[in-house]
Amino acid sequence: MLWLTIGVVVGITVLVIAYVTAPLWRPRKPLVETDDTPLTALIERKDATLRAIKEVEFDYQMGKLSEEDFERDNVRLRHQAIALIRHIEELAPDAGELDTQLETLIAQQREVSDSASGNGADVAEAETEPEVLLEAEKIFCPTCGALAAPDDNFCATCGAPLRKATPA
Amino acid sequence: MIFNIGYLALVIGLVVALFGTFAGYWGGRTRSANLADSSFHAVYAVGALVVLASVILWYGLLTDQFQVNYVWSHSERALSSFYKFSAFWGGQAGSLLFWTLLLSIYSVIAAITFRKQQIVLMPFVNAVLLITSAFFLALLIFAANPFEQIAFTPPDGQGLNPLLQNYWMVAHPVMLYLGWVGLTIPFAFAVASLLSKKLGNTWVRIVRRWTLVPWMFLSAGIIMGSQWAYMELGWGGYWAWDPVENASFLPWLTATAFLHSIIIQDRRGMLKIWNMVLIWLTYFLVILGTFTTRSGILESVHSLALSNIGPFFLGFLIFVVFGFLWLLFDRLPLLRSENRIDAVMSREAAFLANNWLFLGLAFATLWGTFFPMFSEIVTGQRISVAAPWFEKVNGPLFLLLLIMMGVGPLLGWRRTSLSQLRRQFMWPLLITLVSGVALFFMSPRIYPVVGLAASIFVAATIAQEFIRGVMARRTSTGENPALAFWHLIRRSGQRYGGYIVHLAIVLMGVAIIGNEFYVTRTDVTLAPGETAVVGGYTFVFNGLNAEHVGNRTEFAAYFSVLDQDGQKALGTVTPRRNIYDKTPDQPTSEVGLYMRPLEDLYVVLNGWEDGVVTVSIFINPLTMWLWIGGILLILGTLFSLWPRPHPRSATARAPAAPAIAG
């Protein structure tokens, strides 16, 4: 009985050791970061931004955001999304699906700007109008999509270099 | 023989877990796929070994192998197979093995799910999970061996603790452990992202689901525990701020705070350090809770035995505290916030206030739980803070939290303007004011009325959210109201599932207020045929009956319940007492219960002599809503968990694959 126990336990031990150490005898291989490429990070950020746009729209429809706040957030987020999608396009030009997304976004963006300038007739909202127009000239961080001043070299939010974005 | 194999399986498991911890950590650091793969194999191997050990213990329990000390002290021949099966987690060593079993299962599922997706994080995740497993395996091997054998085979076991022979008590620990153990997974991801310096928002997005599922189990476990206390302990209530109840409640508080604050990190890139701290506190409190329930360091009805596991736990807790804090401080520069809070009247600020309240509750509860121990260390005398202390301190915090629950969701991100505030709060406040005044006229007591009015306020805000949401969907899609409602909770499950959970909490809050302020208790002694009129009901005592069932004798007192005038029969209640053959000095109580939406009639059999019984009749207002709230809470969490249709993201992801290959 004792010998049987010892036999079973030794058998289990050998099996477990062989199984757990098996990968160590294979040829050495580094961990490949399929989950950590700049592209997947960008896509994740873009998805988050698109979600944020939806949420802002929903909040506005629910009356939680004033028109002014909604427009500012919406414009900012759409700019972010556009910057991110452009950057994804650069990294993966064959991402054909993104084209249409970008088109839609830009088209929607125009609508928002149009409606903003349409509503901006009264004095109170006149202030926001040039800001919306100005923002088109500002640049956005290709890594995180944050707004940056045109002469900045690095992103104030994430520290990524801003100039890399310009096509070579 | 077979039990020696069980024990040695645990020993091999410990060695493999320690090796896997090293392989995961070092593999992650040096980016070695070989070591990383080895850590995955270690997770699977530990899982298999722990399952093997568990099956062996179950075999021992189900086949009455009383030469095993654990089986002898927690089972008996007359016990039904169902309770023999559940005796697995009825005692110390077994429940620690059960912990380890669940952790192994969770670890294997996490490893399989994320092996291909989170290649850099996973080796570290494996390391954290395996070191937790290693700790519990070490406990089982050195301090609480479930396979310890006695030199001879006793003819029968000592029986399972009578309090545990109840179906709620079978399900309650399972749910609680599924919750507790599951919370190790988000902690493992947090530590993995610190170790790998991948401190973006990825881990937060991954762990939302993996926190919600354990959170749901933990909530269910706590509610089932309350249900058990209510039905079995027979003192009229469901929550006594007992240290063991607190042990389950503490990680629930921090996990709930975590679930809320990760929304801000995901949405605005803020509170990164805070989230790390919250999930670490949760993990710490889980281990601490296991320690306090298992070591008997805090006296309570649940602590079944004092044992030598204390020093192990203390050592591991110190390791968890200092190891994590060192890691966090080292990575602090990488955890900068991407945004600031812009205004007090914003959803971020509301979330933050909610977090502080949860943490305040957790600290107050922790302090009250450990105060007896501290007082014993300092003054040599054990001074307990009882339920009234907890109620006094936590009551106002809960009230504030309830109000925040109504306010927070109505605020917009970043800032909310005055006109927006008016638009959002006018109707709920109006409804609250009117119903508050009406309630005050019905019952002129300030605390419960304020509490109930706050509940009405939150319910009104939630109703408004649903109505406006449906209307917004209707204007944009033209759907009919029912379809719009369905799409609302289907498409925005995270938000509307959350609202359903909030509503569940409101219902439970209402039940708690009712029980806190409006309970009445009447003790009566009745001979067969006599009646008692209590709280607008007539109780007729029909007689006492004794019957031997399985391993116990059941004494049942039969009552009919009629209306005030004794004209209309409403139903019956049958309070019982069970006296177990093996432990006649520990009778258990089965209360007689007649539930109505507005109040429970709750009857406890206290004693009997020559057919004359003494019973306590409690009228517990609104208690039913506690259980309805519990079910709704689970339902809301499921809606929140359910994957929502996301066609856009799926197509956008597709082109990523060839780009990586190229």
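In the text below, chain A, chain B and the rest are named by the order of the sequence lines, each starting its count at 1.
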Engineer: Above 12 or not: heavy atoms from other molecules or residues under 6.0 Å from CZ of B:R29?
Structural biologist: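 Check fails, neighbour count at 12 or below.
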
Engineer: Within the 4.5 Å heavy-atom criterion, are A:L31 and B:P123 side-chain neighbours or not?
Structural biologist: yes

Engineer: Return each pair, listed once, that meets side chain to side chain donor-acceptor pair (under 3.5 Å) where at least one residue sits in residues 39-52 of chain B; pairs must be two or more places apart or across chains.
Structural biologist: B:S39-B:N126

Engineer: Side chain, backbone, both or neither: which part of B:A42 has an atom under 4.5 Å from a heavy atom of chain A?
Structural biologist: both

Engineer: Work out which heavy atom in A:R51 is nearest to a heavy atom in B:R205; give both atom names and the distance.
Structural biologist: NH2-NE, 3.4 Å

Engineer: Using a 4.5 angstrom heavy-atom cutoff, name the option from B:Q464, B:R468, B:Q424 with the most pairs to chain A.
Structural biologist: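 Option with the greatest count: B:Q424.
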
Engineer: Given the options A:V9, A:I17, A:V56, A:L15, which has more heavy-atom pairs under 4.5 Å with chain B than any of the others?
Structural biologist: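 Maximum pair count with chain B is reached by A:V9.
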
Engineer: Non-hydrogen atoms of chain B under 4.5 Å away: do they reach the side chain of A:F58, the backbone, both or neither?
Structural biologist: side chain

Engineer: If I measure from the heavy atoms of chain A, does B:L52 come under 4.5 Å with its side chain, its backbone, both, or neither?
Structural biologist: side chain

Engineer: Any heavy-atom pair between the side chains of B:D37 and A:R26 that's under 4.5 Å?
Structural biologist: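 Side chain of A:R26 against side chain of B:D37, heavy atoms only: contact under 4.5 Å found.
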
Engineer: Considering only heavy atoms, which portion of B:F40 lies under 4.5 Å from any heavy atom of chain A: side chain, backbone, both, or neither?
Structural biologist: neither

Engineer: What part of B:I2 gets within 4.5 angstrom of chain A, counting heavy atoms only: side chain, backbone, both, or neither?
Structural biologist: neither

Engineer: Under a 3.5 Å distance rule, please check whether B:S38 uses its side chain to pair with a backbone N or O of A:T21 as donor and acceptor.
Structural biologist: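 No, because the side chain of B:S38 does not come within donor-acceptor range (under 3.5 Å) of the backbone of A:T21.
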
Engineer: By a 4.5 Å heavy-atom criterion (distance strictly below it), what part of B:L488 contacts chain A: side chain, backbone, both, or neither?
Structural biologist: side chain

Engineer: Go through it in stages, so that I can follow the logic: the residues are A:I12 and B:L49, the test is side-chain contact (heavy atoms from CB on, under 4.5 Å), and I'd like the CA-CA distance, side-chain angles, deciding distance and then a yes or no.
Structural biologist: CA-CA 9 Å; A:I12 293 174; B:L49 288 163; 3.8 Å; yes

Engineer: At what distance, to the nearest 0.5 angstrom, does NZ of A:K29 lie from CG of B:L35?
Structural biologist: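 Result: 12.5 Å between the selected atoms.
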
Engineer: Heavy-atom distance under 4.5 Å to chain A: side chain of B:L8, backbone, both or neither?
Structural biologist: side chain

Engineer: Kindly indicate, with the supporting measurements, whether the criterion side-chain contact (heavy atoms from CB on, under 4.5 Å) is fulfilled by A:D59 and B:R347.
Structural biologist: CA-CA 11 Å; A:D59 275 356; B:R347 205 178 297 163; 2.9 Å; yes

Engineer: For B:Q67, check side-chain hydrogen bond (donor to acceptor under 3.5 Å, both in side chains) against everything at least two apart and list the hits.
Structural biologist: B:Q65

Engineer: Which answer fits A:A48, side chain, backbone, both or neither, if we ask what part of it has an atom under 4.5 Å from a heavy atom of chain B?
Structural biologist: side chain

Engineer: Any side-chain to backbone donor/acceptor pair from B:N34 onto A:P27? Under 3.5 Å, distance only.
Structural biologist: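 Yes, because the side chain of B:N34 sits within donor-acceptor range (under 3.5 Å) of the backbone of A:P27.
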
Engineer: Whether the side chain of A:E55 engages the backbone of B:R267 through a donor-acceptor N/O pair (distance < 3.5 Å, no angle test) should be reported.
Structural biologist: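 Flag not set: sc A:E55 to bb B:R267 has no pair under 3.5 Å.
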
